[in-house]
Amino acid sequence: AVVWLGFLGGMAAGLLAAILLFVATASRIDAVKAELRGDSFRSRVERSLPELELLQERGGAIRIFILHGYLFFGTAERLLSRIRARFPGGPQEQKGCLVVDFRAVTALDSSALNAFRKLVKGMDGKGTAMVFTGTRPLLERQLKAGGVAREQGVLFFPSLDLGLNWCEEALIAAAGGKPESPPDVEHVLLEIFRDQGRAERFRAHLRPIRLQENELLFSAGAEADSFYLIESGGVNAELPGEDGISTRLRGMGPGSVFGEIGLYGEKVRTARVTADRPTLLQRMDYGRFTALESEQPDLTQAFHRHIIRSMSRRMALDTLGIRAMV
């Protein structure tokens with residue numbers, strides 16, 4: 001090119017060739033790191049068996065796209081076509097949820113913004129909620145400034161887990177799966193012990209604790225000396241990050257038991273637990289439980305069986321999520 005066009009012409013030809021090579025190479029990189037469904041990938045929230053069965057049956061209406069890299073005109077249109085292909089129906093289609101996770105996205109250009117605008121417009125009237133997660137403040141401002149905001153029907157959440165939880169709650173509520181009021185502690189204990197007398201005997205050893213919204217129950221590294229049963233409200237178990245951002249390990253609501261790991265050898269708390277709304281807990285000291293093992297072994301054996309069932313269910317769900325990501 002230098003011989004035929006001269007030095008400047010050769011430089012321009014080389015620059016153009018480099019740009020075309022970059023576009024051709026980058027456009028072959030799939031912007032979707034993972035595509036998941038709500039029936040095989042769940043939020044970190046403990047749910048009742050009926051709710052889990054409902055999500056297993058209807059969770060396919062939740063579609064999750066985990067994006068990565070730099071989104072530009074070479075990948076935006078292909079991404080848009082792929083998402084649209086998963087939602088071909090009209091207003092009569094079963095209501096679902098589209099979750100787009102931006103946590104691993106480095107940046108996006110104006111053509112990518114335009115693609116998301118077209119996506120939001122195309123989803124209007126299909127009965128599909130749109131949820132964007134993992135958007136850093138700069139990226140979220142860019143999306144909103146580009147015409148993609150809550151006014152257009154898009155919800156923003158700081159993490160995939162929180163956004164997915166919102167979709168699950170909406171799906172359960174739409175199916176009539178949420179009870180009008182949560183079970184009280186007597187019903188929870190009856191489910192654990194399968195006997196009214198044993199449930200009442202165990203109830204006598206519990207002590208109530210009330211928490212306000214966002215109140216800290218204990219921190220990671222604190223001494224493990226008791227376990228808790230949630231009577232009403234809910235808590236989040238979080239792992240604090242070095243950057244000050246916490247990762248939710250599990251969300252728990254009425255009927256859940258937590259803090260029991262110390263019974264099996266762990267001497268310190270492995271996570272921080274805070275209330276996500278006004279919460280009533282029932283607490284039992286490890287010392288009181290150890291005494292019960294010799295005084296009333298039928299109670300502690302039934303409780304251990306419940307803990308084993310709960311841990312098995314958690315492991316099964318975690319395995320399901322890992323398998324979906326592979």
Side-chain angles (χ1 to χ4, degrees), residues 36-66 86-87 93-103 120 123 126-135 140 149-184 187-188 191 211-214 230-238 246-258 273-281 310 313-314 316-318 320-321 324:
L36 307 168
R37 289 162 48 112
D39 53 0
S40 59
F41 187 78
R42 308 270 173 74
S43 68
R44 300 188 187 100
V45 174
E46 289 194 352
R47 302 192 182 279
S48 65
L49 284 176
E51 289 177 347
L52 291 175
E53 291 172 357
L54 179 64
L55 290 175
Q56 181 64 37
E57 178 185 351
R58 304 190 183 184
I62 302 174
R63 295 285 186 150
I64 307 149
F65 291 83
I66 300 177
R86 302 299 183 269
F87 296 91
E93 187 184 65
Q94 174 188 341
K95 290 187 177 181
C97 192
L98 168 62
V99 182
V100 183
D101 184 62
F102 291 85
R103 185 172 60 89
V120 171
M123 286 293 177
K126 289 191 175 182
T128 299
M130 293 195 62
V131 173
F132 286 180
T133 66
T135 53
E140 184 172 334
R150 185 163 187 166
E151 290 74 20
Q152 285 79 43
V154 179
L155 299 174
F156 288 85
F157 290 90
S159 69
L160 175 60
D161 182 54
L162 293 175
L164 186 54
N165 176 50
W166 184 91
C167 290
E168 291 172 351
E169 293 286 339
L171 190 65
I172 292 170
K178 273 290 182 186
E180 294 183 1
S181 59
D184 56 26
H187 284 88
V188 173
E191 183 179 342
L211 299 176
Q212 300 303 314
E213 185 176 358
N214 297 323
I230 304 176
E231 182 169 349
S232 64
V235 301
N236 287 322
E238 302 170 326
S246 298
T247 300
R248 183 167 74 166
L249 301 176
R250 196 164 300 278
M252 293 165 283
S256 293
V257 175
F258 67 94
V273 171
T274 57
D276 64 3
R277 53 190 181 273
T279 298
L280 175 60
L281 305 174
S310 298
R313 192 157 58 240
R314 290 175 187 173
L317 290 174
D318 289 343
L320 189 67

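- Residues satisfying the salt bridge (Lys or Arg N to Asp or Glu O under 4.0 Å) criterion with Asp161, sequence neighbours excluded, are Arg248.
- A distance of 5.0 Å separates CG in Asp276 from CG in Asn236, rounded to the nearest 0.5 Å.
- Rounding to the nearest 0.5 Å places CD of Glu169 at 12.0 Å from SG of Cys97.
- The shortest side-chain heavy-atom distance between Arg44 and Thr247 falls under the 4.5 Å cut-off.
- One distance of note links CD1 of Ile66 with CG of Leu36; it measures 5.0 Å at 0.5 Å rounding.
- Atoms OG1 and CD, from Thr274 and Gln212 in turn, are 13.5 Å apart once rounded to the nearest 0.5 Å.
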Could you walk me through whether Leu164 and Phe157 pass side chain to side chain contact (heavy atoms under 4.5 Å, CB included), step by step? CA-CA 9 Å; Leu164 186 54; Phe157 290 90; over 6 Å; no
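- For Arg103, the salt bridge (Lys or Arg N to Asp or Glu O under 4.0 Å) criterion is met by no residue, not counting sequence neighbours.
- For the pair Pro254 and Arg277, the tightest heavy-atom approach, listed with the atom from each and the gap, is CD-NH2, 4.2 Å.
- The line from CD1 of Ile172 to CZ of Arg58 is 11.0 Å long, rounded to the nearest 0.5 Å.
- A search for side-chain hydrogen bond (donor to acceptor under 3.5 Å, both in side chains) contacts involving Arg313 returns nothing, not counting sequence neighbours.
- Between Phe132 and Phe156, the two ring planes are perpendicular [angle over 60°; tilted spans 30° to 60°].
- Here the side chains of Arg47 and Glu53 are not in contact, with every heavy-atom distance at 4.5 Å or above.
- In this structure Phe258 satisfies the ring pair (Phe, Tyr, Trp, His ring centres under 6.0 Å) test together with Tyr228, sequence neighbours excluded.
- Here Arg42 contributes atom CZ and Asn165 contributes atom CG; the two are 12.5 Å apart, rounded to the nearest 0.5 Å.
- No side-chain donor-acceptor contact under 3.5 Å links Arg250 to the backbone of Ala237.
- With sequence neighbours excluded, the residues that form a side-chain hydrogen bond (donor to acceptor under 3.5 Å, both in side chains) with Glu238 are Arg272.
- With sequence neighbours left out, the side-chain hydrogen bond (donor to acceptor under 3.5 Å, both in side chains) criterion links Thr133 to Asp101.
- Test Leu155, Ile64, Ile62 against Cys167 for side chain to side chain contact (heavy atoms under 4.5 Å, CB included) and you get one pass: Ile62.
- Residues Phe41 and Leu160 are in side-chain contact: their nearest non-hydrogen atoms beyond the backbone lie under 4.5 Å apart.
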